[in-house]
Amino acid sequence: MSSLPLPPATDFIREAINEDLSSGRYTRVHTRFPPEPNGYLHIGHAKAICLNYGLAQAYGGKFNLRYDDTNPSKEGMEYVESIKEDVRWLGADWEDRELYASDYFVQLYAWAELLITKGLAYVCDLSADEVRAHRGTLTEPGQESPYRNRSVEENLDLFRRMRAGEFPDGSRTLRAKIDMAHPNLNLRDPVMYRILRASHHRTGDTWCIYATYDYAHGQSDSIEGITHSICTLEFEDHRPLYEWFIQAIGIYAPRQIEFARLNLTYTVMSKRKLLQLVQQGDVRGWDDPRMPTISGLRRRGFTPSAIRDFCARIGVAKRDSVVDVALLEHCLREELNRTAPRAMAVLRPVKLVLENLPEGHVETFEVQINPEEPAAGTRAVPFSRELFIERDDVREVPPPKYWRLFPGNEVRLRGAYLVRCTGVVKHPATGEIAEVRATIDPDSRGGNAPDGRKVKSTIHWVSAAHAVEAEVRLYEHLFTCPDPDQAPVGGSWHDNLNPASIEVLTGCKLEPSLAAAQLGDRYQFERLGYFCVDPDTAPGRLVFNRSVGLRDSWAKIERAQQ
RNA sequence: UGGGGCGUCGGCAAAUGGGUAAGCCACGGGACUUUGGAUCCCGCAUGUGCAGGUUCGAGCCCUGCCGCCCCAGCCA
């Protein structure tokens, strides 16, 4: 492999790997994605998955999925299943290497005894509070535990009895004997094992002591032969500890490289906050389309390729950063513009009556499925005397630059005819437009002006008699500000939740071809955005989600006018 | 304040024996258009946290400041 030409060093991690391969420090590349099964994966994890799997692919290496399941009190099967589904959906392939830190519990335990034997670990009887008090502070050294210098025999005996269940939870720990005065707090005799009577989702009640993440993680990588252990910045301080364990035990050493985790505007990314949103009912679940979770994005209509593209575009670096969510949305639009079939859907319908057409008139138009891809062909769309059009496409009195329907103005009905508005009928009580009247130009069939005259606007429509009804859910950012943590004094991130993040529209009118839409289908509703079928869809009940809106320059003009 | 990191356009992010600041998103303007979409053009850092220094030449090297992030779980 080292004889193959090296892939381009497009980021600092690939640069480091290329150096390692050139120098012979490693002769292959083996990465892993190491989630803790205590929550659902989010777009930040997607960055890590794409990075690690991408590395394995680029270097012809391997990629493992390994659960760091060392804390049974917070973990569970629901999470391991969802994680597996999400990683697979994103396209990362761990082949037969679905691994668990819990697979290594016996080995980890044996190495703990080895460290005790070497005088490098001891059983400590201090309580959690006492351990904290002994740790010192950022600027002051800690105090050594009074149990630090027990004999190897006593330590071994005590540790074995810890494992045997002779002591209550939290009463003792196994600690690494390093340096209580070390400026890096992680090296001030860190806990390796705690007593915890919790049933583990894989090992059941076999153990009542569990290794800490710090003790388990590095050795797990070592056991798996990971060459490049990619993790986020906050573990930079832990690297010396992992190296200490590996050196003390005397086993193979991977190289850890840290990168900055992903942050996105208008959302939160910590598992704790996401869990809170789910538990408090602020959203409808982990897969709520407003969530930055993989399952939320999937339900929202995102494609794995759009997410992969996003991850490639944001790059990898060590600088703390916040990526504009607009880039994520852009990646989806770019893909769906190419691939999504078009359809007409009227979300906020108002009736349009074509006065110069006879009652009961029906004809059919063949409309392009995707103008970006003529090969996709056409679909049949029924047309009749009474249509539904978008309420926003009609004004009694047009504002400046408005060139849609208003009395006297002519627009094109997409794929059908040119029509001129002859007036509006208003609801007597509310004054709201109840019906729009217009006449067609019979010579403009298909939407072509017979004399080549220009019409500024083309609007979409649905034949009233043929329309299928649907519920359509519109989503906005979950939070009202780019950085939800920027809370008003006395408030919290939670106060920045956007009360208008979801709007449910019922009675929407869709062109009849949409009646056949299946779960997983994505469409562009012309002039509106990209929509996908929601799993709440059932026989007789069609539900769509707006994945992302189209760019809307009229909305910008309108906003500027206010 | 001890330790570990990081400061390049509004947001990401390149520039790697020092050679005269890529690209993408966003934003603004124009062309074109049977989606106010898409597409295509144009604009968008005399400037790299600040101040000095070395050099013919500095985002890259040196010195000193300043700012931001992480660490005091028997969480990961």
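Proteins come first, then strands; the chains are lettered A, B, ... in the order of their sequence lines, and each starts at number 1. Side chains are part of it too, since the values below use all heavy atoms of this structure and drop only hydrogens, waters and symmetry mates.
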In whole Å, measure the gap between the [atom1] atoms of [N] and [M] for me.
{"N": "B/C42", "M": "B/G49", "atom1": "C1'", "value": "32 Å"}
{"N": "B/G37", "M": "B/G17", "atom1": "P", "value": "45 Å"}
{"N": "B/A72", "M": "B/G10", "atom1": "C1'", "value": "37 Å"}
{"N": "B/U20", "M": "B/C25", "atom1": "C1'", "value": "27 Å"}
{"N": "B/C41", "M": "B/G4", "atom1": "C1'", "value": "48 Å"}
{"N": "B/G53", "M": "B/A58", "atom1": "P", "value": "12 Å"}

Contact class for [X] (heavy atom, under 4.0 Å): base, sugar-phosphate, or nothing?
{"X": "A/Asn448", "answer": "base"}
{"X": "A/Val316", "answer": "sugar-phosphate"}
{"X": "A/Ser553", "answer": "sugar-phosphate"}
{"X": "A/Ala317", "answer": "sugar-phosphate"}
{"X": "A/Lys271", "answer": "nothing"}
{"X": "A/Glu372", "answer": "base"}
{"X": "A/Gln368", "answer": "nothing"}
{"X": "A/Val322", "answer": "sugar-phosphate"}
{"X": "A/Pro34", "answer": "nothing"}
{"X": "A/Phe12", "answer": "nothing"}
{"X": "A/Leu413", "answer": "nothing"}
{"X": "A/His238", "answer": "base"}
{"X": "A/Leu126", "answer": "base"}
{"X": "A/Lys401", "answer": "base"}

Taking [atom1] from [X] and [atom2] from [N], how many angstroms apart are they, rounded to a whole number?
{"X": "A/Asp320", "N": "B/C69", "atom1": "CG", "atom2": "C1'", "value": "5 Å"}
{"X": "A/Asp11", "N": "B/U16", "atom1": "CG", "atom2": "C1'", "value": "14 Å"}
{"X": "A/Glu329", "N": "B/C27", "atom1": "CD", "atom2": "P", "value": "11 Å"}
{"X": "A/Arg188", "N": "B/G73", "atom1": "CZ", "atom2": "C1'", "value": "15 Å"}
{"X": "A/Arg338", "N": "B/A38", "atom1": "CZ", "atom2": "C1'", "value": "12 Å"}
{"X": "A/Phe259", "N": "B/A13", "atom1": "CZ", "atom2": "P", "value": "12 Å"}
{"X": "A/Trp461", "N": "B/U35", "atom1": "CH2", "atom2": "P", "value": "15 Å"}
{"X": "A/Leu332", "N": "B/C25", "atom1": "CG", "atom2": "P", "value": "15 Å"}

Given [options], the nucleotide with the shortest approach to the side chain of [X]:
{"X": "A/Leu327", "options": "B/A38, B/C24, B/C75", "answer": "B/C24"}
{"X": "A/Ala326", "options": "B/A26, B/A13, B/G36", "answer": "B/A26"}
{"X": "A/Asn337", "options": "B/G36, B/C74, B/A38", "answer": "B/A38"}
{"X": "A/Arg319", "options": "B/U35, B/C6, B/C12", "answer": "B/C6"}
{"X": "A/Thr173", "options": "B/C74, B/A38, B/G36", "answer": "B/C74"}
{"X": "A/Leu138", "options": "B/A72, B/C12, B/C74", "answer": "B/A72"}
{"X": "A/Lys318", "options": "B/G3, B/G73, B/C6", "answer": "B/C6"}
{"X": "A/Leu550", "options": "B/G37, B/G36, B/C25", "answer": "B/G37"}
{"X": "A/Arg342", "options": "B/U35, B/A76, B/C12", "answer": "B/U35"}
{"X": "A/Arg135", "options": "B/A72, B/G36, B/C24", "answer": "B/A72"}

Does [X] place a side-chain N or O at less than 4.0 Å from the phosphate oxygens OP1/OP2 of [N]?
{"X": "A/His330", "N": "B/C25", "answer": "yes"}
{"X": "A/Arg66", "N": "B/A76", "answer": "no"}
{"X": "A/Ser73", "N": "B/C75", "answer": "no"}
{"X": "A/Ser321", "N": "B/G11", "answer": "no"}
{"X": "A/Arg172", "N": "B/C74", "answer": "no"}

Just name whichever nucleotide pairs with [N], Watson-Crick or G-U, keeping both distances under 3.5 Å, else none.
{"N": "B/C61", "answer": "B/G53"}
{"N": "B/G28", "answer": "B/C42"}
{"N": "B/G7", "answer": "B/C66"}
{"N": "B/C75", "answer": "none"}

Just one of A/His45, A/Lys271, A/Glu78 clears the side-chain contact (heavy atoms from CB on, under 4.5 Å) bar with A/Tyr40, so which one?
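Exactly one option meets the side-chain contact (heavy atoms from CB on, under 4.5 Å) with A/Tyr40, and it is A/Glu78.
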Could you check whether A/Arg150 makes a cation-pi contact with A/Tyr122, meaning its NZ or CZ is under 6.0 Å from the centre of the six-membered ring and within 45° of the ring axis?
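Judged by the rule (NZ or CZ under 6.0 Å from the ring centre, within 45° of its axis), A/Arg150 is not positioned above A/Tyr122.
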Is it the case that the base of [N] and the side chain of [X] share a donor-acceptor contact (distance under 3.5 Å, atom types as modelled)?
{"X": "A/Glu15", "N": "B/U16", "result": "yes"}
{"X": "A/Arg333", "N": "B/G37", "result": "no"}
{"X": "A/Asp237", "N": "B/G3", "result": "yes"}
{"X": "A/Glu234", "N": "B/G4", "result": "no"}

Side chains of A/Arg333 and A/Glu335: does their closest heavy-atom pair fall under 4.5 Å?
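Answer no - side chains too far apart.
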A/Ile389 vs A/Leu405 side-chain heavy atoms within contact, under 4.5 Å:
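SC-SC contact between A/Ile389 and A/Leu405 confirmed.
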Mind telling me if B/G10 is syn or anti? Syn here is a glycosidic angle within 90° of 0.
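Base orientation relative to the sugar is anti.
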Which atom pair, heavy atoms only, marks the closest approach of A/Tyr523 to A/Ala340?
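Closest pair (atom of A/Tyr523, atom of A/Ala340, distance): C-CB, 4.0 Å.
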Would a distance-only check, ignoring hydrogens and angles, find a side-chain to backbone donor-acceptor pair under 3.5 Å from A/Asp69 to A/Ala101?
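It does hold such a pair.
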So does A/Tyr100 get a backbone contact from the side chain of A/Asp103, meaning a donor-acceptor N/O pair under 3.5 Å?
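Yes, A/Asp103 side chain to A/Tyr100 backbone: donor-acceptor pair under 3.5 Å.
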Flag the pair A/Arg32 and A/Glu224 as a salt bridge only when some basic side-chain nitrogen lies within less than 4.0 angstrom of an acidic carboxylate oxygen.
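No salt bridge links A/Arg32 with A/Glu224.
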A/Glu19/A/Arg14 ion pair, N-O < 4.0 Å
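Salt bridge: no.
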Would you confirm whether the ring centroid of A/Trp461 sits within less than 6.0 angstrom of the ring centroid of A/Phe383?
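Yes, the ring centres sit under 6.0 Å apart.
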